[in-house]
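Notes follow once the structure below has been shown.
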Amino acid sequence: MTSLLIQHADFLVSMDDNDTQWRDAGIYVVDNVIQQIGPTGQLPQEADRILNASKMLILPGLVNTHHHFYQTLTRNLPAAQNANLFNWLRTHYPIWARLTPEAISISTKIALAELMLSGCTTSSDHTYIWPNGARLDDQIQAALEMGARFHAARGSMSVGEAQGGLPPDKVVEQEDAIISDSQRLIESYHDASRYAMLRIVLAPCSPFSVSPALMRESVALARSYGVHSHTHLAETLDEAEYCTATFGKTPVELAEDLNWVGPDVWHAHMVHPGANEISRLGQTHTGIAHCPSSNMRLASGIAPIRSLWEAGARIGLGVDGSASNDGSHLLDEARQALLLQRVSGNPAGLTAKEVFWLATRGGAATLGRDDIGYLAPGMAADFIGYRLDSLDLAGGAVHDPLASLVFCHPPKVDVSVINGQIRVLDQQLLGVDLPILIERHNAIARALANG
Ligand SMILES: [Zn+2]
């Protein structure tokens, strides 16, 4: 057994049901689980490792519910800088068709590095293109090396241009191969236990790139194993038009028809649900990954997050991307969520406290976890610390430390503990040679773009 003691944090925000907060407080961890939390003087004074968190605010690790790690390789592509979703996708597909197992592995590490330095301790990823022998296994190995808690979604596309879909035929897979690989991955990797570091998710890409038959079969397979399902839905008006023309249904009606609603399903975006659809998504406790930067970047619209939340939907934040954001800074995404809900006229559209709830509790609920998202004895030891005496927060943290993290310029994290392991200290990822990783990542990015 190994113990870790955090002492003397200026502020400790638990995000528990009572919104318990302490001054001069800490956390006592044994192995990967929080044993005690509260005022420093009431905690054990000895441990194998002791960290002094004075001048810091400690809060639960942030949860990222939607991403495409491989897209870090095609950020900011000039040809796609000013495109809407469908044109953006058409520009990227031929480049992504050149992805390799190494490209998947290196981009996973880059995306997770950026996420972890921004305060993320748990992330999902949705990679849906698997050319040239690339497999989810390549990504899983890389994520395990980085030490993040990971929900690996087995994405897929099966309807190419020849069948009326959006992607080129050469990047789609056979549906029977998708299903059999999904089953292999669940049986090889899915860990349903409390404090699991790795879970598998089944994730056909979108209504315009897979068939209804695959959606139905995939969610049935997932449910037979107790695995969650994820896809993109109601992201753009183009998608709504495609669904009406192709299926005679709105995207949400299509999802309902295919059994893609419920507490074990979450949809990225949900920018354009109808009023009645919002209440139905709420009643079924369907999950939503809100990705404000991507929705702004691609001119998709403003997701009605407050209405969905009040209706009963589970809402988490996602950085999306990384070629539609084009960053993986989850704390910055929380800031974007706060700002975007105000654009249409409500200055309290989303408060700082609410946005932190979405980034922690909401994300955990969206991924179907009850062992992360708040800090209490028995919860996973996933927490982060930000220094309050930084330039970014000068003159802001003194008034309201938690809110300063999203009202002021969102800083990098100073400490990150994931599953009881210190992964970031003094804004540095421990055990990761970042310059070497970035150099290799950039070489692969150049090669992909140049063909
Ligand atoms: Zn996405």
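These numbers were taken from a predicted model, which means no experiment stands behind them. Start at 1 and go down the list; that is how both ligands and their atoms are numbered.
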Subject >> side-chain hydrogen bond (donor to acceptor under 3.5 Å, both in side chains) contacts in which one or both residues fall within residues 293-303, not counting sequence neighbours >> reply: His269-Asn295, Ser293-Glu333, Ser294-Asp320, Ser294-Ser324, Arg297-Asp326
Original post:
So, are Arg184 and Asp137 salt-bridged, with charged N and O less than 4.0 Å apart?
Top reply: yes
Original post:
Between Glu239 and Ser206, does a side chain to side chain donor-acceptor pair (under 3.5 Å) hold up when you go through it step by step?
Top reply: CA-CA 9 Å; Glu239 177 195 332; Ser206 64; over 6 Å; no
**OP:** Give every residue pair that meets the salt bridge (charged side-chain N to carboxylate O under 4.0 Å, His left out) criterion with at least one member in residues 415-443, sequence neighbours excluded.
**Re:** Glu102-Arg440
Subject >> Partners passing side chain to side chain donor-acceptor pair (under 3.5 Å) against Arg194 (at least two apart in sequence or in another chain) >> reply: Asp370
**OP:** Evaluate the criterion side chain to side chain donor-acceptor pair (under 3.5 Å) for residue pair Tyr70 and Asp125; output intermediate values, then yes/no.
**Re:** CA-CA 9 Å; Tyr70 70 92; Asp125 183 68; over 6 Å; no
Original post:
Under 2.8 Å from the Zn ion (ligand 1), protein N/O/S atom count?
Top reply: 4
